[in-house]
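Before any comments, here is the structure.
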Amino acid sequence: MSDKIRVRFAPSPTGPLHIGGARSALFNWLFARKRQGDFIVRIEDTDVERSNLVSEEVILEDLKWMGLDWDEGIQVGGEKGPYRQRERLEIYDSYWKRLLEEGKAYYCFCTEEELEEERESLRKKGEMPRYLGKCRDLTQAERDKLREEGRKPVVRFKVTWGETITVEDLIRGRVNFESDGIGDFILVRSDGMPTYNFAVVIDDALMEITHVIRGEEHLSNTPRQMMIYRALGFKMTSFAHISLILGEDRTKMSKRHGATAISQYRKMGYLPEALVNFLALLGWAPEGEREMFTLHELVEEFSLERVSRSAAVFNFRKLNWMNGEYIRESSPERIRDMAIPYLQEEGLVDEKISSQDYQWLKEVIALLQEQLEYVSQVVTHIKVFFGDEIEELSPEGAEMLEDEQARQIVQRFREECIQVESWDKETIKGIFKRIGKELGAGGKKLFQPVRVGLTGTLQGPDLQSLIILLGREKVANRLQNTLHNLTKNTQC
RNA sequence: GGCCCCUUGGUCAAGUGGUUAAGACACCGGCCUUUCACGCCGGUAACAGGGGUUCGAAUCCCCUAGGGGUCACCA
């Protein structure tokens with residue numbers, strides 16, 4: 001045994017990996033990597049009703065997608081396994097039996113109704129609803145009798161009253177709790193399954209976890225867990241409770257605030273490094289003013305001391321900005337490859353892409369990528385590159401083409417396009433030059449009519465690049481169609 | 001309701017007794033550009049309130065208010 005730091009991420013596989021869990025995992029991972037410690041992933045699946053293997057898979061995939069790896073745990077193994085709580089049942093058994101023998105725990109036969117009644121009356125008195133220990137002093141005979149009646153007992157921890165439990169939290173400092181406010185809590189359910197508070201202690205202690213870094217919602221559970229550590233004579237771990245992530249209405253982030261699952265961001269085409277960078281900045285701040293960091297750089301910068309105590313609102317706009325930054329820095333090839341599935345889904349490109357189209361797409365993406373916030377947006381931006389007709393003539397565009405000269409420019413531009421021998425930037429430039437000279441137009445007056453004729457709007461990607469990538473045929477067809485529709489409309 | 005945590009601009013946040021109270025997103029303005037976007041430059045905007053302590057408080061203490069979490073045979 002060494003003084004090596006060991007931290008863990010212990011999700012319960014009852015759904016996808018959420019923003020909050022992802023950030024907890026990230027902070028644990030960063031802490032481990034920074035301090036050359038071990039990062040362990042354990043599955044907390046004692047909730048038989050809700051746990052499922054699919055969720056487990058999804059969570060693990062999302063962690064990997066974020067770039068997090070683990071030294072020990074599920075899938076990779078290790079000496080302190082197994083790493084799925086359902087496979088550790090015998091281990092828990094030995095510990096709760098020991099507590100029972102030492103008189104530190106006891107069987108409780110109370111029914112759900114009895115408990116609810118007790119809670120309700122305490123609530124009415126303005127006290128903390130909790131179990132007051134009714135079954136603490138049951139005799140063996142009484143227990144046998146209740147068992148014969150068919151009651152299935154739970155095992156409760158016997159809380160010592162009149163005690164102050166102090167959590168030395170690495171982020172929050174000292175936090176005191178009175179044991180009188182904590183009722184005898186359940187260690188083992190009537191079906192023999194350990195509860196979270198019990199299993200988590202056994203696992204953290206046996207896996208020699210040195211630092212428990214988790215969400216603030218666990219802070220009030222900590223005194224219970226500390227009591228178990230003590231009762232069993234385990235070495236206490238350090239605790240660090242990170243603040244919650246809130247939605248825009250300042251309540252705990254949930255589905256109604258928008259996308260909360262990591263997989264949703266992945267599906268929308270967010271880059272993992274952007275999401276990770278953004279998450280790192282929620283509740284933690286680096287030393288300088290820089291805020292773009294790779295995972296590797298985050299490891300260098302990270303420290304628990306700079307984790308903030310207050311809750312943070314998840315700001316989608318900033319995430320989008322940051323993701324856009326990462327998209328702009330990415331190679332067109334990468335963004336293209338990410339974009340293809342969305343384009344296929346829209347039917348814009350074939351399932352099987354020719355190498356020519358593949359190349360073409362790269363150039364199109366290179367033009368588009370600066371305005372993307374996330375990759376799936378590509379399907380709307382890329383529409384201008386498809387079809388022989390413009391999607392829709394905008395009012396501003398229509399107004400522009402009311403001008404006689406503008407229409408002439410479009411007409412002439414089309415004619416030149418058809419006649420010209422080659423199809424490259426120089427050629428297109430030459431056409432514009434010629435027409436400009438011929439009709440005495442330049443700048444906006446020269447370029448915008450063509451843009452409108454080609455796209456229907458006043459804005460879009462660089463015009464010359466657009467023309468090249470559209471190809472001669474589409475350019476000619478679109479301009480003709482636009483002109484045709486225009487005259488048709490004016491005649492009516 | 002009891003217990004616990006939190007409180008710097010709309011949002012993320014720096015700040016740890018003396019600062020013109022950083023920076024980023026968003027917003028507004030300007031520049032660049034054939035347009036949009038990108039980029040660049042600039043601007044609006046904050047210490048929840050009240051008491052102390054101190055020569056001096058965003059920073060330390062107390063109270064109030066507000067927000068959040070938690071009180072399960074869920075984690």
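Letters A, B, ... are given to chains in the order of the sequence lines, protein chains preceding strands, and every chain is numbered from 1.
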Would E416(A) and R434(A) pass as an ion pair if we require N to O under 4.0 Å?
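Salt bridge present between E416(A) and R434(A).
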Side chain to side chain contact (heavy atoms under 4.5 Å, CB included) partners for [X], two or more places apart:
{"X": "S94(A)", "value": "none"}
{"X": "T164(A)", "value": "T166(A), N176(A), E178(A)"}
{"X": "A22(A)", "value": "L17(A), M66(A), I262(A), L279(A)"}

Would you tabulate the pairs of protein nitrogen or oxygen atoms and nucleotide nitrogen or oxygen atoms of nucleotides 13-16 of chain B closer than 3.5 angstrom?
unit_1  : atom_1 : unit_2  : atom_2 : d
rA13(B) : OP1    : G283(A) : N      : 2.5
rA14(B) : O3'    : R306(A) : NH2    : 3.3
rG15(B) : OP1    : R306(A) : NH1    : 3.1
rG15(B) : OP1    : R306(A) : NH2    : 3.4

Are OP1 or OP2 of rA75(B) and a side-chain N or O of R50(A) less than 4.0 angstrom apart?
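No.
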Below 4.0 Å: OP1/OP2 of rC27(B) and any side-chain N or O of R317(A)
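Answer no for this pair, as no side-chain N or O of R317(A) is under 4.0 Å from OP1 or OP2.
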Under the 3.5 Å rule, do the base of rC73(B) and the side chain of S190(A) count as making a donor-acceptor pair?
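Check passes, donor-acceptor contact within cut-off.
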For the pair made of [atom1] in [X] and [atom2] in [N], what is the distance, rounded to whole Å?
{"X": "Y196(A)", "N": "rU70(B)", "atom1": "OH", "atom2": "C1'", "result": "13 Å"}
{"X": "E114(A)", "N": "rC73(B)", "atom1": "CD", "atom2": "P", "result": "13 Å"}
{"X": "I165(A)", "N": "rC3(B)", "atom1": "CD1", "atom2": "P", "result": "17 Å"}
{"X": "R172(A)", "N": "rC6(B)", "atom1": "CZ", "atom2": "C1'", "result": "7 Å"}
{"X": "D191(A)", "N": "rA72(B)", "atom1": "CG", "atom2": "C1'", "result": "14 Å"}

Applying a 3.5 angstrom cut-off to the pairing atoms, does RNA chain B sit in any stems of at least three consecutive Watson-Crick or G-U pairs? List them by first number.
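Stem list for RNA chain B: B:1-7 with B:65-71, B:10-12 with B:23-25, B:27-31 with B:39-43, B:48-52 with B:60-64.
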Along nucleotides 29-50 of chain B, 5' to 3', which nucleotides get a B, which get an S, and which get a -, given that the test is a protein heavy-atom distance under 4.0 Å?
-----BBBBSS-----------
Quick one: does any side-chain atom of N28(A) pair with a main-chain N or O of S24(A) as donor and acceptor, under 3.5 Å?
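Checking the backbone N and O of S24(A) against the side chain of N28(A), a donor-acceptor pair under 3.5 Å is found.
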Is the centre of the F302(A) ring less than 6.0 Å from the centre of the W284(A) ring?
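Yes, close enough.
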